[in-house]
Amino acid sequence: MSDAPAIRFESVVKTYRVDDTAGLGLKHRLLHLAQYLRDRRRRRAFTALDGVSLEVRRGECFGVIGRNGSGKSTTLGLMAGVYRPTSGAVRVRGRVSPLLELGAGFHPDLSGEENLLLNGVLLGLTRQQVLAKRDAIVDFSELGEFIRRPLRTYSSGMVARLGFSVVVHLDPEILLIDEVLAVGDASFVPKCLDKINEFRRHNKTIIFVSHDLATVERICDEVIWLKKGLVEMRGYPKRVVDAYLEYVGKKDVDKYQRQHDREAKSVQDEQRENDGLQNPEKRWGSREIEISNVKMFDGAGKEKYVFKADEPMAVAFDVNAAASEKDFVFGIAVYNSEGILCYGSNTVLDDLSSKSISGRGKVRLAIPALSLISGTYFLDVAVHKFDGYPFDYHHLLYTFRVTSSHRDVGIARIAHRWEFSENIRLEKNENP
């Protein structure tokens, strides 16, 4: 029996009936009663899992990754017994403690302590068993006097602390975790991960669903990637995560390329109608020197708008000077999605003195390594006189995205390394 898997899915299918009439008001339903009843009978089916088979070994930390809507939460719901499969079989051996939803089973008008007792009983323990663990749960949650206050006064991070603390102190044989660490306080997350590692040392079975792929790599023994209700890949965590990131990156490239093409067409249409952009909030200047055809490229010269951190990037554009000009400065600026200026430079700051420009020409700015953290960015491109007089200023008209497996925070990626004296010892994690 000890060799039997903790969890087994055998050709599991889970289908939901989707009611497209659910948002209709009572008046509309009464006025169109016959149509409403026909539509109700024809409710469409949505298949969340489509013939999934898998096994989770006892004592294994098993990761589940995939995009939203891929079937991850349905998988956990079936493991927890919240759902029943439409067909196939789900076999679970061991007492399950699910942490599937922030505050599930909690009541906002009860205190944290009352919710602690209620949740413990709902998870299968007696009141006396929960009371015996009360102090350990409160200490781990670090809620202090807040434990006696109503749950509605808690922040989402405090609710996450309480929920996680209750579940992990009820001595589960199988622990199901669905994204709850994403809303936890930054100082509390390391404690949660330490507790998960403690569970692993005690041969507990853990199912871990998260978009935090670095943590998935670090703590899981095996990972599956769900895609549209099917198992796309299963195996060693880093291999599966890298394949998933490659897929997501390609999807993002296609998405941003389509978006860029639509935006470019829109700009071209507006230029044809108005003989150039006239939006004073996005573009301004005398147009004595004019910028057009702004594009971005990778290190191989291929047009691109989704880059990996530290990848080469180039910004190129055409210019046209209606008359000969000696005083001109080219510049760019990069803003993040919060509107914060991340970087800016121009030819003057780079010690380039303007001499002459006339007619049509091309400008290219090469960036050897794009040292930005993961996110969406906006680009300014401009040409102006030394004193700031604008010839043509394009403000936040161009977007690009940076993807990264690094866990940097802030604005930029700064090259660095740690150094320690001989009496300080650290070891590199096997799967950082």
Side-chain angles (χ1 to χ4, degrees), residues 3 5-12 48-76 78-79 174-182 189 192-194 196-197 199-201 203-255 298-300 304 306-311 370 373-375 401-408 413 427-432:
D3 293 333
I7 299 172
R8 174 181 286 164
F9 277 34
E10 299 172 359
S11 302
V12 171
L49 293 181
D50 191 6
V52 170
S53 296
L54 60 86
E55 286 188 356
V56 180
R57 296 185 298 273
R58 195 175 303 277
E60 180 178 35
C61 185
F62 188 85
V64 184
I65 64 174
R67 305 197 99 168
N68 291 336
S70 62
K72 304 188 302 299
S73 294
T74 296
T75 299
L76 285 192
L78 289 163
M79 292 176 176
I174 301 173
L175 179 63
L176 309 181
I177 305 176
D178 186 8
E179 287 294 358
V180 293
L181 300 187
V189 170
C192 297
L193 295 177
D194 286 344
I196 290 172
N197 285 325
F199 272 42
R200 294 179 68 194
R201 291 192 296 271
N203 210 35
K204 306 287 188 180
T205 304
I206 303 167
I207 314 298
F208 186 68
V209 170
S210 180
H211 289 291
D212 182 355
L213 301 180
T215 300
V216 169
E217 280 190 33
R218 189 164 72 251
I219 71 172
C220 292
D221 302 301
E222 191 171 19
V223 173
I224 62 166
W225 162 20
L226 288 178
K227 178 182 174 185
K228 296 181 180 178
L230 297 168
V231 177
E232 180 72 10
M233 189 175 180
R234 173 176 180 165
Y236 181 64
K238 182 164 180 56
R239 183 181 177 194
V240 177
V241 167
D242 284 353
Y244 173 67
L245 285 172
E246 184 178 352
Y247 164 77
V248 171
K250 185 177 186 307
K251 294 284 286 186
D252 286 342
V253 168
D254 294 342
K255 172 186 172 183
D298 62 16
K304 188 173 182 179
V306 180
F307 299 85
K308 293 181 179 178
D310 299 326
E311 183 180 1
L370 197 58
I373 67 168
S374 180
R401 186 170 178 182
V402 175
T403 63
S404 175
S405 59
H406 300 290
R407 288 169 285 171
D408 316 77
R413 293 206 68 237
E427 291 182 353
K428 185 75 171 176
N429 294 327
E430 292 182 4
N431 295 311

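Among residues two or more places apart in sequence or in another chain, the salt bridge (charged side-chain N to carboxylate O under 4.0 Å, His left out) test is passed with Asp212 by none. Remark: Lys204 pairs with Asp171 by the side-chain hydrogen bond (donor to acceptor under 3.5 Å, both in side chains) rule, at least two apart or across chains. For Glu60, the salt bridge (charged side-chain N to carboxylate O under 4.0 Å, His left out) partners at least two apart in sequence or on another chain are Arg57. For Arg413, the salt bridge (charged side-chain N to carboxylate O under 4.0 Å, His left out) criterion is met by Asp310, Asp408, not counting sequence neighbours. By the salt bridge (charged side-chain N to carboxylate O under 4.0 Å, His left out) test, Glu232 is found to be paired with no residue, residues two or more places apart in sequence or in another chain being considered.
Here the side chain of Thr74 pairs no donor or acceptor atom with the backbone of Gly71 at under 3.5 angstrom. Side chain of Thr205 to main chain of Gly59: a donor-acceptor pair is present (N/O by atom type, distance under 3.5 Å, no hydrogens or angles). Remark: the backbone N or O of Val402 is paired with a side-chain donor or acceptor of Ser374 at under 3.5 angstrom. The closest donor-acceptor contact from the side chain of Lys72 to the backbone of Arg67 lies under 3.5 Å. Side-chain N or O atoms of Arg200 include one that pairs as donor or acceptor with a backbone N or O of Ile219 at under 3.5 Å.
The pair Asp50-Lys228 fails the salt-bridge criterion, with no side-chain N (NZ, NE, NH1 or NH2) lying under 4.0 Å from an Asp/Glu carboxylate O.
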Is there a side-chain contact (heavy atoms from CB on, under 4.5 Å) between Thr215 and Phe208 once you walk through the steps?
-> CA-CA 10 Å; Thr215 300; Phe208 186 68; 4.0 Å; yes
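No side-chain heavy atom of Phe62 sits less than 4.5 Å from a side-chain heavy atom of Glu55. Taking 4.5 Å as the limit, every side-chain heavy atom of Ile174 sits out of range of all side-chain heavy atoms of Met79. Side-chain atoms of Leu226 and Thr75, non-hydrogen and from C-beta on, do get closer than 4.5 Å to each other.
Atoms CD1 and SG, from Ile207 and Cys61 in turn, are 8.0 Å apart once rounded to the nearest 0.5 Å. Here the straight-line distance linking atom CG of Asp221 with atom CD1 of Ile206 works out to 8.5 Å at 0.5 Å rounding. The structure places CD1 of Ile65 at 9.0 Å from CE of Met233, a figure rounded to the nearest 0.5 Å. With values rounded to the nearest 0.5 angstrom, Ser11 atom OG is found 10.5 Å from Leu54 atom CG.
The environment of Arg239 atom CZ is sparse: at most 12 non-hydrogen atoms of other residues, nucleotides or ligands sit within 6.0 angstrom.
Tested against Leu76, the residues Val64, Ile177, Asp178 include a single side-chain contact (heavy atoms from CB on, under 4.5 Å) partner, Asp178.
Between Ile224 and Val240 the shortest heavy-atom distance is C-CG1, 4.4 Å.
Sorted by first and then second residue, the pairs that involve residues 212-234 and meet ring-ring contact (aromatic ring centres under 6.0 Å, His included), not counting sequence neighbours, are Trp225-Tyr244, Trp225-Tyr247.
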